[in-house]
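Read through the structure below, which is laid out as structure tokens, and then see the notes.
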Number of protein chains: 2
Amino acid sequence: MPKLGMEPIRRAALVKATIAEVGDAGSLDVSVSKIAKRAGMSSALAHHYFGGKDQIFLAAMRHTLTVYGAEVRGALVMADGPRGRVEAIIRAGFSNTNFRTDVIAAWLNFYVMARTSDDAHRLLRIYQRRLHSNLVHGLRPLMGDRAGAVAARIAALIDGIYLRQALSRDAVSGSDASAQVLAALDKEIGQ
Amino acid sequence: MPKLGMEPIRRAALVKATIAEVGDAGSLDVSVSKIAKRAGMSSALAHHYFGGKDQIFLAAMRHTLTVYGAEVRGALVMADGPRGRVEAIIRAGFSNTNFRTDVIAAWLNFYVMARTSDDAHRLLRIYQRRLHSNLVHGLRPLMGDRAGAVAARIAALIDGIYLRQALSRDAVSGSDASAQVLAALDKEIGQ
DNA sequence: GGTTTTTGATTGACTCGTCAATCAATAAAA
DNA sequence: TTTTATTGATTGACGAGTCAATCAAAAACC
């Protein structure tokens, strides 16, 4: 049976299963056994590859952020001009991907985890800094020195609106969310 | 021993202990035994009064929201004029109380819980609606029909900035946070 | 006033379940 | 035969919820 080179396959399967499981449960209160079963292996094997539960979670979070980062980068290469860049970043944050229930659950629990886990906190900081610097890069040509402060506000607004949408149980609309942030952006520019 | 009328005292003690325990752990992963011990009683008694773990948590959340609501109301009676009312609401959200680690933990976990628990979701909606209607009430004299949309934006910005502060490990500054929201508010008014 | 009954307060002990982590054993490549 | 893959079985710990029993105040009764 042992086809060699199983490790990366197993790891990927576990990461995917973890995100799905956390999404179903809505919390990090999920057992390794369940995750392993969903990924089609024994819990012992999960431990063998990841060492422990925490590391499985972290890998899952890392994966979520990687996907998000890729999405933003993808939107950026299509963007035209400074204003276009900012708009691309905003829209990427409210893509359908990010409103899938498992992704929402991942983010929410990630926030909770970041308060107590150094690793999670570090990961989160990376995301925040990247978002901020992306925004500043687009905003500077539009408003010069004010770019830093405005970027902070826009970033917070993105998080805030995302949070509200995530917590609402109505059908979410990414375009409405984007529109709100863009409206605020226009106020900042037009001043 | 049975002094009558212990129930409200015990309940209050359990609520307090729950908030403290969740604050320490940073998550809802705390045992009833620990909570009960901190509140100075047996776990059996905690079950006797509350029925189950979930109900203990909900009571704790309800209490946190009650305190927050009282703080906002207190700030509002001191406020002068529409603009003053809006400013009071904003500042109340960033008071020192709300940046205590246990309160932060309560909010973050509350968000997580609201995704799966109907009771928690209902509670959260009450808070959100109250915040929104308070903001609209202050904003309407300043901008008429636009009040609704602007209130939504300001509310999201409050949440977003709170979230960022909560997740930062630097010393938080409520006044800086307020200043950022007020800056955005001025942009909205001055348009 | 003294006695009995009721009732709220309280807990230790127990049940039943779960779960993370470990380990020894098996199987198949290389 | 050495390494990699894989698992069943096991262990040790912990936790939620239940229950029967105890204790003492208070209310009802004589």
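Bear in mind the structure is a predicted one, so any value in this text is a computation, not a measurement.
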Between protein and nucleic acid, restricted to nucleotides 16-18 of chain D and to nitrogen or oxygen atoms under 3.5 Å apart, what atom pairs and distances do you find?
unit_1, atom_1, unit_2, atom_2, d
D:dA16, OP1, B:V32, N, 3.4
D:dA16, OP1, B:K53, NZ, 2.9
D:dA16, OP2, B:V32, N, 3.0
D:dG17, OP2, B:H47, NE2, 3.1
D:dG17, OP2, B:K53, N, 3.1

For atom NE2 of A:H48 and atom P of C:dA25, their distance in whole Å = 18 Å

query = Side-chain N or O of A:R10 less than 4.0 angstrom from OP1 or OP2 on D:dT4?
reply = no

ask   = Going by distance alone, is a donor N or O of one side chain under 3.5 Å from an acceptor N or O of the other, for B:S175 and B:S173?
value = yes

key: Side-chain heavy-atom pair A:L167, B:R125 within 4.5 angstrom cut-off   = no

Length of the line joining B:K37:NZ and D:dG15:C1', which is rounded to integer Å = 13 Å

task = Rounded off to whole Å, could you give me the CZ-to-P distance for the A:F57 and C:dA20 pair?
result = 8 Å

ask   = Contact class for B:Y49 vs. all strands (heavy atom < 4.0 Å): base, sugar-phosphate, or nothing?
value = sugar-phosphate

key: Integer-rounded Å distance: D:dC14 P and A:D29 CG   = 17 Å

query = What's the NZ-P distance between A:K34 and C:dT18, to the nearest Å?
reply = 9 Å

note = Here the distance between atom C1' of C:dA9 and atom CZ of B:F50, to the nearest Å, is 15 Å

message = A quick test of your reading: do over 12 heavy atoms of other residues, nucleotides or ligands sit less than 6.0 Å from NE2 of B:H137?
response = no

key: Interatomic distance where CZ belongs to B:R11 and P belongs to C:dT10 [whole Å]   = 13 Å

query = Taking the six-membered ring for Trp, are B:W107 and B:Y111 parallel (under 30°), tilted (30 to 60°) or perpendicular (over 60°)?
reply = tilted

remark   = From CE of B:M41 across to P of C:dG8 the rounded distance in Å is 18 Å

request  = Give a yes or no on whether a salt bridge exists between B:D159 and B:R164, defined as a side-chain N under 4.0 angstrom from a carboxylate O.
outcome  = no

request  = Name the orientation class of the two ring planes belonging to A:F99 and A:F94 (parallel below 30°, tilted from 30 to 60°, perpendicular beyond 60°).
outcome  = parallel

